[in-house]
2 protein chains.
Amino acid sequence: MTVTNNSPNERGPRRKRMPRAQRERQMLDVAVQVFAQRGYVATSMDEIAERVGVSKPMLYEYFNSKEGLLLAAIRDARNELRLVTEQATVGATSGKEALERGLLAFFRFIDGRKEAWSLLRQEMAFIGSSASEEVEAIREQQTALNAKLLQAYLPIGAQREAEAAAEMLVGACERIAVWCERHDDITPELATQYTMNLIWDGLANRQAAAESTQKLPTTR
Amino acid sequence: MTVTNNSPNERGPRRKRMPRAQRERQMLDVAVQVFAQRGYVATSMDEIAERVGVSKPMLYEYFNSKEGLLLAAIRDARNELRLVTEQATVGATSGKEALERGLLAFFRFIDGRKEAWSLLRQEMAFIGSSASEEVEAIREQQTALNAKLLQAYLPIGAQREAEAAAEMLVGACERIAVWCERHDDITPELATQYTMNLIWDGLANRQAAAESTQKLPTTR
DNA sequence: CGCCTACCTTACTATGAGTAGGTTACTTCC
DNA sequence: GGAAGTAACCTACTCATAGTAAGGTAGGCG
């Protein structure tokens, strides 16, 4: 199936050599696929090596361990996600709009890049390992961004609370994203709306505002 | 250290036999400890067996697989958590109070039963496995409960949104709980307050409540 | 050309999940 | 008491896979 990279049907094990960076990219791409599909535990390094068209020690040469490979893949995917959401917020004319756009970008990413998302969910595999701090550090880039945005809406000096709110926001999004997978009638737009309803308006005000609001169904 | 269960210092490998239910309990207790401490991946069935004071095939006899054991342990811990939070809400005189009490109970659980909490976080180990649906089913018991509570605060017939809100609530709590671990100055009470501030009041109103410094109010 | 370096391999070890098949203690019923 | 049955338990394996040691090969550069 996967025509790795060799001279296609020619006999002989004539692997093409390639520069480190390129190989690394290749390995990461395959790793994302396999980890996402099978899950961390059920994934074998042998399989990844084979699909890349290279031998196992190469993987270890480049990533040190199975965890290292997963970590690199996660870092990669998270960077991409962060970039996408960050980009989405530029040009917003209000904090609310920035939040809304960020959320929409997030849910669209989830919806469109199922593979990357599935990979990101595997970060819990690191619990109890030395790399778990590293994972949290990667996450923090995202939450720090959000905290800055949210800070404007909290009492001055409520640094801590802004951080907490950012964490909650991220947690809420991740959880609802999982939930969306089981309800395919929920579009990114709808997910965004639900999230805004809760996070922005708050439960106390939802009931009051209940009668009048009913916007953007935007089905596909 | 762990004086497993045998005749304490007596010589000989004279293991005491015990009824299935009792052994099972024992195994689960040890499993919780070890999984929580080492993480799923780094935990070996051999170690658990040894700490229980029993041979490996017994574990498989009772739980079928490593995943099965983790699943049973998680189910156990989640039941306990659900019980605790559920109990906390009885006697509340308003939905708001119920929510508040539930949150506090949750954060106290997290704070007091670190082991169980660490275990619960491992559920992502199931991604890509056949048991992942089972895990979601267990979670659903919790969210269904919350959805019912939240429904009162949403437009009539907004079933879906109530579910979504419940998921978000749970996600937010779980994430902030992780965050709390890295900030030990955050008490359960404070965590509860932060959560209520965001979920109940909503960002829009937090801003109003605090003399905002930043730009545009964006109200309707 | 011949050597050097970076890419790559074959062929191992070690560990840990899961199992086959037998053994021992406790209960039951005569 | 003792035979018979059963539930708890064990030893001793197989097999997959994470990780490693030690060496081979392409291609650039003096």
Side-chain angles (χ1 to χ4, degrees), chain A residues 4-7 10-28 30-31 34-35 38-73 122 125-126 128-131, chain B residues 4-7 10 12-28 30-31 34-35 37-73 122 125-126 128-131:
Chain A
T4 55
N5 72 91
N6 317 359
S7 42
E10 295 289 331
R11 69 140 103 198
R14 281 213 148 232
R15 306 251 136 102
K16 194 171 145 214
R17 296 204 165 194
M18 56 179 67
R20 187 177 182 116
Q22 196 177 336
R23 251 310 171 229
E24 214 167 294
R25 202 41 285 143
Q26 234 184 35
M27 289 173 177
L28 273 178
V30 173
V34 182
F35 278 135
R38 300 226 197 297
Y40 178 74
V41 181
T43 295
S44 86
M45 294 295 266
D46 285 293
E47 180 179 354
I48 293 178
E50 196 189 352
R51 299 233 314 223
V52 174
V54 94
S55 69
K56 202 163 47 155
M58 289 305 300
L59 287 179
Y60 284 89
E61 171 94 25
Y62 285 38
F63 298 99
N64 291 311
S65 65
K66 190 181 177 184
E67 266 192 13
L69 181 54
L70 176 61
L71 187 63
Q122 316 256 351
F126 289 108
S129 110
S130 57
Chain B
T4 55
N5 73 91
N6 320 0
S7 40
E10 295 288 331
R14 282 212 148 233
R15 308 250 136 102
K16 193 172 145 214
R17 295 203 164 193
M18 56 179 69
R20 187 177 182 120
Q22 197 177 336
R23 248 316 168 229
E24 215 168 294
R25 198 48 281 141
Q26 235 184 35
M27 289 172 177
L28 272 178
V30 172
V34 181
F35 278 135
Q37 189 184 351
R38 300 226 197 295
Y40 178 75
V41 182
T43 294
S44 84
M45 292 296 265
D46 284 294
E47 181 180 353
I48 293 178
E50 196 188 351
R51 299 233 315 223
V52 174
V54 95
S55 71
K56 202 164 45 156
M58 289 306 298
L59 287 179
Y60 284 88
E61 171 93 25
Y62 286 34
F63 297 99
N64 292 312
S65 67
K66 191 181 178 184
E67 266 192 13
L69 181 55
L70 176 61
L71 187 63
Q122 317 256 351
F126 289 108
S129 109
S130 57

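Chain letters run A, B, ... following the sequence lines, proteins first, then strands; residues in each count from 1.
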Taking all non-hydrogen atoms of both residues, which atom of [X] and which atom of [Y] are closest, and how far apart?
{"X": "Ser65(A)", "Y": "Tyr60(A)", "value": "CA-CE2, 3.8 Å"}
{"X": "Ser55(B)", "Y": "Ala49(B)", "value": "C-CB, 4.0 Å"}
{"X": "Val41(B)", "Y": "Ala125(A)", "value": "CG2-O, 4.1 Å"}
{"X": "Leu70(A)", "Y": "Tyr40(A)", "value": "CD2-CD1, 3.3 Å"}

- Query: So, do Val54(B) and Met27(B) sit near enough that their side-chain heavy atoms are less than 4.5 Å apart?
  - Reply: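 When only atoms from C-beta onward are counted, Met27(B) and Val54(B) do touch, with a gap below 4.5 Å.
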
Would you kindly give the [atom1]-to-[atom2] distance between [X] and [N], to the nearest whole Å?
{"X": "Arg25(A)", "N": "dC7(C)", "atom1": "CZ", "atom2": "C1'", "answer": "19 Å"}
{"X": "Glu61(A)", "N": "dA6(C)", "atom1": "CD", "atom2": "C1'", "answer": "9 Å"}
{"X": "Arg38(B)", "N": "dT15(C)", "atom1": "CZ", "atom2": "P", "answer": "15 Å"}
{"X": "Arg20(A)", "N": "dC7(C)", "atom1": "CZ", "atom2": "C1'", "answer": "10 Å"}
{"X": "Leu59(B)", "N": "dG16(C)", "atom1": "CG", "atom2": "P", "answer": "14 Å"}
{"X": "Phe63(A)", "N": "dT20(D)", "atom1": "CZ", "atom2": "C1'", "answer": "18 Å"}
{"X": "Glu24(B)", "N": "dA8(D)", "atom1": "CD", "atom2": "C1'", "answer": "13 Å"}

- Message: Looking at dC8(C), I'd like to know if its phosphate oxygens (OP1 or OP2) sit under 4.0 Å from a side-chain N or O belonging to Arg23(A).
- Response: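 So the side-chain polar atoms of Arg23(A) do come within 4.0 Å of the phosphate oxygens OP1 or OP2 of dC8(C), strictly under.
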
Strictly under 3.5 Å: I want the nitrogen or oxygen pairs between protein and nucleotides 21-25 of chain D, one per line.
| from | atom 1 | to | atom 2 | distance (Å) |
| --- | --- | --- | --- | --- |
| dG24(D) | N2 | Arg17(A) | NH2 | 3.1 |
| dT25(D) | O2 | Arg17(A) | NH1 | 3.3 |
| dT25(D) | O2 | Arg17(A) | NH2 | 2.8 |

- Message: So, using side chain to side chain contact (heavy atoms under 4.5 Å, CB included) as the criterion, who are the partners of Val34(A) when residues are at least two apart?
- Response: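 Side chain to side chain contact (heavy atoms under 4.5 Å, CB included) list for Val34(A), sorted by chain: Val30(A), Arg38(A), Thr43(A), Glu47(A), Ile48(A), Arg51(A).
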
- Message: Going by the rule side chain to side chain contact (heavy atoms under 4.5 Å, CB included), which residues pair with Arg25(A) if we only count those two or more places apart in sequence or in a different chain?
- Response: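 Partners of Arg25(A) by the side chain to side chain contact (heavy atoms under 4.5 Å, CB included) criterion, ordered by chain and then number, come out as Leu28(A), Asp29(A), Asp76(A).
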
- With B for base contact, S for sugar-phosphate-only contact and - for none (protein heavy atoms under 4.0 Å), nucleotides 14-19 of chain D reads ---SBB

- Item | Sequence neighbours excluded - salt bridge (Lys or Arg N to Asp or Glu O under 4.0 Å) pairs with any residue from residues 53-69 of chain B |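 Those involving residues 53-69 of chain B are Asp46(B)-Lys56(B).
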
- Message: What verdict does the side-chain contact (heavy atoms from CB on, under 4.5 Å) test give for Met45(B) and Leu69(B), after you've listed the backbone C-alpha separation in whole Å, the side-chain angles of each residue and the deciding distance to 0.1 Å?
- Response: CA-CA 9 Å; Met45(B) 292 296 265; Leu69(B) 181 55; 4.0 Å; yes

